[in-house]
Amino acid sequence: MASADTVLKPDFASGRRHFIFTDEHDRLRESIGAFVEKELAPHADEWEETTFPDSVFRRMGELGFLGLSYPEEYGGQGGDYYCNLVLAEEMAKSNSGGLAMGIAVHTDMATPPIHLFGTEEQKQRYLVPCIKGEKISSLGITEPDAGSDVSGIKTRAVRDGDEYVINGSKTYITNGHRADFIVLVTKTDPDAGYDGFTLFLVDMDLPGVIREKKLQKLGMHASDTALLAFQDVRVPADAVLGQIGKGFYHIMWELQGERLIGAAGCVAGAQRAFDKTLQYALERKAFGREIGRFQVIRHKFAEMATKIESARQLVYMTAWRFQNGEYPVREISMAKLHAARIAVEVADECIQIHGGAGYMKEYGIERVWRDMRLNRIGAGTDEIMLDVIGRSYGL
Ligand SMILES: Cc1cc2nc3c(=O)[nH]c(=O)nc-3n(C[C@H](O)[C@H](O)[C@H](O)COP(=O)(O)OP(=O)(O)OC[C@H]3O[C@@H](n4cnc5c(N)ncnc54)[C@H](O)[C@@H]3O)c2cc1C
């Protein structure tokens with residue numbers, strides 16, 4: 001604290017870390033960041049064409065990055081939720097939204113329900129190899145006729161003796177082509193409303209599981225996105241994940257972690273685009289000076305930095321609630337909505353500041369915009385986030 005007789009100097013660019021993080025998180029950040037920059041980032045352009053290879057999962061499993069907050073007894077690192085934030089943030093250094101998304105689906109979307117709701121046998125069979133990177137997971141909620149309206153899904157699982165028979169289809173499934181299994185949302189009792197849903201763990205090599213189409217996308221090209229069909233797929237009764245009839249509530253819980261980690265990725269992606277663009281604006285000259293010295297451009301950076309910081313604080317404070325046992329659906333929805341919006345706005349402004357270069361592939365800024373655009377749609381659209389937030393006030 002300064003006293004009256006000292007000269008007060010503003011702490012611009014203060015390096016003080018956020019209170020949720022510790023020295024241990026810093027060390028983790030350093031090791032993930034070094035790995036991403038050395039082993040992943042150099043391949044970003046190539047993987048835009050080919051999608052990233054499965055070997056990335058095995059390598060990240062070897063390094064312990066796929067189970068940062070899972071218990072050590074399952075091969076995890078036993079860390080807290082903030083370790084997952086660190087991973088999501090450092091993955092932005094890969095310069096590949098598609099790669100970051102493929103990994104996040106595995107670590108923060110498909111495997112958390114197995115950890116929380118799975119039986120010991122399911123954890124040994126699916127969670128342990130996922131943490132090692134030996135099995136790749138995917139998550140199937142969306143269908144051709146039902147995305148935002150999860151309760152409108154049509155995929156049915158019907159009990160038949162000791163088995164269930166599954167029929168239906170899922171679309172836009174990340175990792176759907178490479179996955180060894182899928183956490184599948186089905187309806188087991190169409191007359192039971194929200195109590196008629198059940199999750200299943202379905203191996204993708206079972207007869208009747210058809211990987212129909214590799215879908216072409218605007219961005220996230222390094223990830224694979226599948227249209228899947230399930231035709232009379234027979235699974236044993238012990239493939240049920242969690243409680244029969246409670247799948248809707250289970251998947252709504254899963255979506256909270258998915259949205260929060262997505263929000264963290266958005267902030268990190270926006271920061272990365274900002275940093276690159278700042279560098280550019282300090283070097284690129286027009287009318288005899290660096291473009292960053294024009295007031296208009298300077299203010300664009302000020303706007304972007306303020307947006308990024310506001311989203312970051314919202315993500316960190318919401319993560320703090322989450323880590324401390326709250327189920328903060330309103331704040332997670334706000335964080336997801338705000339972070340996704342600002343990431344797209346920042347990416348767009350960064351293209352503008354780059355001028356023609358921003359439109360060219362070699363600068364990588366147009367890719368950030370294409371990749372980030374998904375975040376206003378995936379894991380719950382802006383409109384759905386607004387609705388969740390609005391309803392939380394009793395409206
Ligand atoms: C690249 C990519 C990867 C994805 N990965 C996965 C995955 O791994 N697993 C998975 O299950 N899904 C995945 N998704 C699906 C994604 O979560 C859905 O696309 C998203 O939830 C929106 O659903 P929809 O596409 O059916 O849009 P729709 O629900 O048809 O919505 C269309 C429009 O209507 C609006 N709308 C709908 N309902 C309302 C309402 N009540 N009030 C106001 N507006 C409304 C929406 O906001 C949107 O603007 C992925 C999608 C993409 C594009």
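Order of appearance sets the numbers: ligands from 1, and atoms from 1 within every ligand. We number each residue from 1, following the sequence as shown.
There is no protein heavy atom less than 4.0 angstrom from atom 30 (O) of ligand 1. For atom 42 (N) of ligand 1, no protein heavy-atom neighbour is found at a distance under 4.0 Å. Taking a distance limit of 4.0 Å, we find that atom 35 (C) of ligand 1 is approached by no protein heavy atom. Of the protein's heavy atoms, at least one falls inside 4.0 Å of atom 3 (C) of ligand 1.
Ring-centre distance between Tyr126 and Tyr74: not below the 6.0 Å cut-off.
Counting atoms of ligand 1 from 1 in the listed order, those under 4.0 Å from a heavy atom of Ile141 are 10 (C), 11 (O). Near Lys217, meaning under 4.0 Å from any of its heavy atoms, are these atoms of ligand 1: 1 (C). Less than 4.0 angstrom separates some heavy atom of Ile173 from each of these atoms of ligand 1: 7 (C), 8 (O), 9 (N), 10 (C), 11 (O).
Gln271 and Asp275 form a side-chain donor-acceptor contact under 3.5 Å, judged by distance and modelled atom types alone. Using a 3.5 Å distance cut-off with no hydrogens or angles, the side chains of Tyr164 and Thr198 do not pair a donor with an acceptor. At a cut-off of 3.5 Å, with distance as the only test, no side-chain donor of Glu290 or Tyr280 sits close to an acceptor on the other residue.
A distance-only check finds no donor-acceptor pair linking the side chain of Arg367 to the backbone of Ser96 [under 3.5 Å]. With Asp203 contributing its side chain and Phe181 its backbone, the two residues share no donor-acceptor pair below 3.5 Å. Under a 3.5 Å cut-off, the side chain of His115 and the backbone N or O of Lys123 do not form any donor-acceptor pair.
The protein heavy-atom contact nearest to atom 12 (N) of ligand 1 is Thr142 OG1, 2.7 Å. Closest protein heavy atom to atom 8 (O) of ligand 1: Thr174 N, 3.0 Å. Nearest protein heavy-atom neighbour of atom 27 (O) of ligand 1: Ser148 OG, 4.1 Å. Looking only at protein heavy atoms, the nearest one to atom 40 (C) of ligand 1 is Ile384 CD1, 4.0 Å. Scanning the protein heavy atoms around atom 46 (C) of ligand 1, the nearest turns out to be Thr381 OG1, 3.7 Å. Taking atom 24 (P) of ligand 1 as the reference point, the nearest protein heavy-atom neighbour is Gly147 CA, 3.9 Å. Protein heavy atom in closest approach to atom 20 (C) of ligand 1: Ile377 O, 3.5 Å. Protein heavy atom nearest atom 45 (C) of ligand 1, with residue, atom name and distance: Glu383 CB, 4.3 Å.
Relative orientation of the Tyr194 and Phe248 rings is tilted, given thresholds of 30° and 60° on the angle between their planes. Ring geometry for His25 versus Phe21: interplanar angle over 60°, hence perpendicular rather than tilted (30 to 60°).
The residue Ser223 has no part lying near ligand 1, judged by heavy-atom distances below 4.0 Å. Contacts between Leu374 and ligand 1 below 4.0 angstrom, taking non-hydrogen atoms only, involve the side chain exclusively.
For the pair Ala379 and ligand 1, the shortest N or O to N or O distance falls below 3.5 Å. Not one N or O of Asp149 is nearer than 3.5 Å to an N or O of ligand 1, by distance alone. Below 3.5 Å of separation, one finds no N or O of Thr171 facing any N or O of ligand 1. Ligand 1 has no N or O atom lying under 3.5 Å from any N or O atom of Thr225, backbone or side chain. Below 3.5 Å of separation, one finds an N or O of Tyr172 facing an N or O of ligand 1. Taking distance alone, with nitrogen or oxygen atoms compared against 3.5 Å, Gly140 stays at or beyond that limit from ligand 1. Taking only nitrogen or oxygen atoms, main chain and side chain alike, Met101 does not reach within less than 3.5 Å of ligand 1.
In Gln313, the CD atom is crowded: over 12 heavy atoms of neighbouring residues, nucleotides or ligands sit closer than 6.0 Å. Summarising the local packing, CZ of Arg293 is surrounded by 12 or fewer heavy atoms from other residues, nucleotides or ligands at distances under 6.0 Å. Remark: Arg370 CZ is packed, more than 12 non-hydrogen atoms of other residues, nucleotides or ligands lying under 6.0 Å away. By the 6.0 Å contact criterion, CZ on Arg391 is open, its count of non-hydrogen atoms from other residues, nucleotides or ligands being 12 or less.
Met204 and Ile182 get closest at one heavy-atom pair: SD-CG2, 3.8 Å.
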